[in-house]
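One structure is given below, encoded as structure tokens.
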Amino acid sequence: MTDTVDQSVQDGRRRFVRADGPDKVTGSGRYTADLQLAGMLHAKFLYAGTARGRIRRLDVEPARRVPGVLAVLTDADVPDVRYSPGVADRRLFARGTVRFEGEIVAAVAATTPEAASAAISAIELELEPLPPITDPEAALSEDSPLVHPDWADYDADEGVVRSGNTASFSSLSRGDAASAMAKAETVLSSRYVADGCHAVPIEPRAIVAQWEGEKLTVWTSTQVPFDARAGICETLGLPTNRVRVVVPHLGGGFGGKCGFHFEAHIAALARAAKRPVKLVFTRAEEFLAPDRRREGMTIELTSGLDGDGRIVARQGRLVLDGGAYLADKAFFPQLAAMQATGPYQIPNLEVEAHLVYTNHQPAGSVRAPTAPQGCWAVESHTDELAAAIGMDPVRFRQVNGLDTGTTGPTGQVYDAIGLQDCIDTATSMLDPTSETADDEAYGVAVGWWPSFSSPSGAYVKIDDDGKGQIITGAQECGTGAVMTLRQLAADEVGLQPEDFELVYQDTSAAPFDMGATGSQTLFNNGRAVVAAASQLADQLKELAANRLEASASDIVLADGHASVTGTPSVTVPITELAGEAAGGALLLGHGSSPELAYPTGTATCVGDQGMSAWLSPQFSCHVVKVRLDRDTGVARVTNVAAAHDSGRILNHTGALGQVHGGIMMGIGQALTEGTVYDDQGKQRNAMLLEYKLQTAADGPAINVEFIESYPGEGPAGAKGLAEAPNVATAAAVSNALAKLAGRPIRQMPMTAERVWNELKPSPSNNDTSITEEGR
Amino acid sequence: MPTEPFQIAGSIEDALSAMATGARPVAGGTDLVVGARQGKSPLPSNLVAVDRIVELSTIEQNAEGVIVGAGVTHATLMTDPLITSGYTALADAAALVGSPATRNVGTLGGNVMNGSPAMDTGAPLIVLGAMIDLRSQGGSRRVAPSKLWTGPGSTSASDDELCVAVALPKRSERSGSAYVRLEYRRAMEIAVVGAAASVELNDEGVIEQVAIALTAVAPTIVALEGLTDLVGRRVDEDVLAAVAAIASSQAQPISDLRAGADYRAHTVGVMARRAVDAAARRAAGETIEVPVNRAEGVGRTDRP
């Protein structure tokens, strides 16, 4: 395979083709579903098919009699373990009750997929359906039935504030919002409702599990191999050193493949059948079964402005549809509260956020969880505020937005941030005040997102021929973050990125990493790789110092050579030094990322999940141009300008890809992507024809600029990047649509039919939820 | 599942003989395979592939008009000069089907025989006066689309009949046609509603003939009735408003995932007026690129 690394440095930006790119585009790469093992069986699950019910009878004996079936499992066949981070509310298989339609009741392994399907059909399941709890607001009322009647008995982290159907509650409070609101010149309230949506990785997930004696290997399409290993060990009662989790190429994740999901089911089937077992999801299963839907959210905001148009107070109430299990989202309420607060200077703040159990599919981390919806609401609200006082919406954001040295809504003081630069840059790339056709309008929105510090480790070695390997715990989910590690290692030792191969996505080969989650890969594993490679650099300098009869501190490593500083003619190739080391102490380095100190704020938090002050915060401003067909409500985004402060950009090509992808995802959320439920809490559009992703043909013209003057605490001044581009686009689209429709579209996705309903003359259109006081 | 015989027909006769013993025909497979994957209906166990039959993939002009082989792909329909010049509505529709991959293998015959009320080529065939040629070992017959399509996904063809061609009658010099659909995205889309129109003008630019058919607002593609009042009038705002009102009133849409009935009834009127407008402009000699959905309106492709 040709490794086309473009080392060109143009206008100071580094661009290179990712190491896994050729494999992925030519088809030579192998994914989990491609794996075939001798004697391998095929797994299928029996799902509840009902959003809420009691299991009256479950008889799997008919399934066992189906020819070719070698294992059938239910709750009775696995260890009695309740698990899940935050609150242990989950079991591998339903016990007595089903809480969403995709809950697994039984699993089968058979010699062919067809035999497994036949066995699933043969299982006799009698469910007594119960009225599903589908409205999060109603679920909060005291007389609502409970999704988890035994919630109080579950083990839970101390910090999680919960009761009844409230799975996790958080608040942010600073100053005195009530009295500041009472004194405000202008007060405006808005209510927005975002539907749930999906991550939709193009690769439906697949798992292969194989036992050799007491040792288990699981190949799985996960974003978080160490988390998957932990889940397997917890639910099946295994020590970590007997479980190896390997991820072949991953066909996208977008958060949907975060968390421990189905690996233990397949491992348990393989143990029972004494054969390797493979699971490959259908597209429908990919929509219905994982607990990683993007949460639906209701956002109510009230803001008070003084006579100069400054925000003096904000009150907010957020209700998040968490679905049947908590999954990884105990911190979502506080993160949502930060999103609904926005990157603004607001001295008085009072926001409460309820994450609610319902009988919908569980929500969980999908790219920038809570952010597209929260930003959509707060930025639509921001345009309403600006309009209410007749101020230009960009000016309003310049006046109220955060800047270097200002204090944020939760009391965090920002030392050097690029929000104002983002606003200036994006609005100059696509001027929202310029003339448009009658059916076109501009919309502007700003967004913010944190970077996350996490333990992470890597080894780096250079072999006798001067070629190296990076053995890292980091997981590549398509962002290119792992690919960029080669550049960091190469820079430390004076080699080229293509001199390093990656060994990754194998829990038994590499040290821990949190996985492709929270945009953390390069931010943390990059620091580990730099630390490991710097050990190699020290070793090479010692070897070179001996060879060149100089002090190690005078040795410079560059362009494949070690040279004496100031005397470039005194030099030795690194390949020679590597050959020498191979006969001696070997070139081995290891590194980890020390936990970074988190900043603090002054806000008071109930149910604090550590989200009220952000490390290396990222900022963005998106300007969009939208065209609207007023006769049908069909809208199309034609142009996007995006300016991002994500610290120093290490690979410009990869970074552009992240922003382009985030914008496309944001347009989908804005216009066409939303889960539609029936009145029984079941998804109606769990298929790609009816769940309308944006296609390449829908892509607008996108221009991106990175504001690199505000380095973050990641390697070489980087911050996170993968999630930030998925924050502000939907909000910008909303603000453009509001201009075209004459009023905000208060439900997302802002589908053609919803827009048309706002456009058509109808008495109900006067029934707006906006109240304006004090003017 | 163990597969039954899969035959590859080299001629129409081969295909008919296989179908006489219960084989189902498959050309591009874009409906059959996708439907099976979605669990709509399992893949037939006995299949005969008709995609390699050369006689099915020709477009021929004769004194009566143009005969389009059933195996002609959408990719061909959208670019063939005979179709884009004289039967432009059909080219408009073919250009909107699925994605480039779908259009390269999906065929006109497959689209016709699938009988979906949301099929894009259906409304154009009706307004262009197309007839469908069916053959079996028992003989041949020519049937109007309105007699062929009997309900969603069902046709009056018997199981051993193969669609071999679509006959398009000759068009006058001053005629034009167009197909416009409502779509939420610009690829991999299915019509929410759609409309095709054929307009023939006299030398004074007055309507001599007009036909309109609607997509996805009834159990089958339907032709509009009561258009005779439009004959003898110029295509102006009043006529277009009347077209929209007639289309909306004759539509019998359902509410489903894609749209509510009210929205469909309104937007099919919008599509009908746009189709008539584009057809009339083409009849008058104006060039509107294929497909109309990419030439103008919100879905247009901007060329720098």
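Letters A, B, ... are given to chains in the order of the sequence lines, protein chains preceding strands, and every chain is numbered from 1.
Of the listed residues (B:R258, B:M188, B:E183), the one with the most heavy-atom contacts under 4.5 Å to chain A is B:R258. Counting heavy-atom pairs closer than 4.5 Å to chain B, the top residue among A:T751, A:V634, A:L689, A:D698 is A:D698. Chain A forms more heavy-atom pairs under 4.5 Å with one residue of B:V192, B:V298, B:L182 than with any other, namely B:V298.
For B:K40, the NZ atom is loosely surrounded, since the number of other residues' heavy atoms within 6.0 Å does not exceed 12.
The structure places CD of A:Q694 at 13.5 Å from OH of B:Y184, a figure rounded to the nearest 0.5 Å. Within the model, atoms CE of A:M687 and CG of B:L257 stand 6.5 Å from one another, a figure rounded to the nearest 0.5 Å.
Electrostatic pairing of B:E189 and A:K692 counts as a salt bridge here, judged by a charged N lying under 4.0 Å from a carboxylate O.
When all heavy atoms of A:Y691 and B:R185 are compared, the pair lying nearest together is O-NH1, 4.3 Å.
When atom types are taken as modelled, the side chain of B:H266 and the backbone of A:T632 share no donor-acceptor pair closer than 3.5 angstrom. Checked by atom type and distance alone, the side chain of B:R186 pairs as donor or acceptor with a backbone atom of A:A697 at under 3.5 Å. Formation of a donor-acceptor pair under 3.5 Å by the A:R636 side chain with backbone atoms of B:R300 is found in this model.
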Verdict with reasoning, A:R627 to B:D302, per salt bridge (Lys or Arg N to Asp or Glu O under 4.0 Å): CA-CA 12 Å; A:R627 187 182 293 157; B:D302 293 294; 3.1 Å; yes
Taking it one step at a time, do B:R274 and A:D631 satisfy side-chain contact (heavy atoms from CB on, under 4.5 Å)? CA-CA 11 Å; B:R274 289 179 183 174; A:D631 292 330; 3.3 Å; yes
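Contacts between A:E690 and chain B at a heavy-atom distance below 4.5 Å involve the side chain alone, from C-beta outward. Proximity to chain B is absent for every atom of A:A284, based on heavy atoms less than 4.5 angstrom apart.
Of residues 666-686 of chain A, those residues lying under 4.5 Å from chain B by any heavy-atom pair are A:T672, A:V676, A:R684, A:N685. Using a 4.5 Å cut-off between non-hydrogen atoms, no part of residues 238-254 of chain B approaches chain A.
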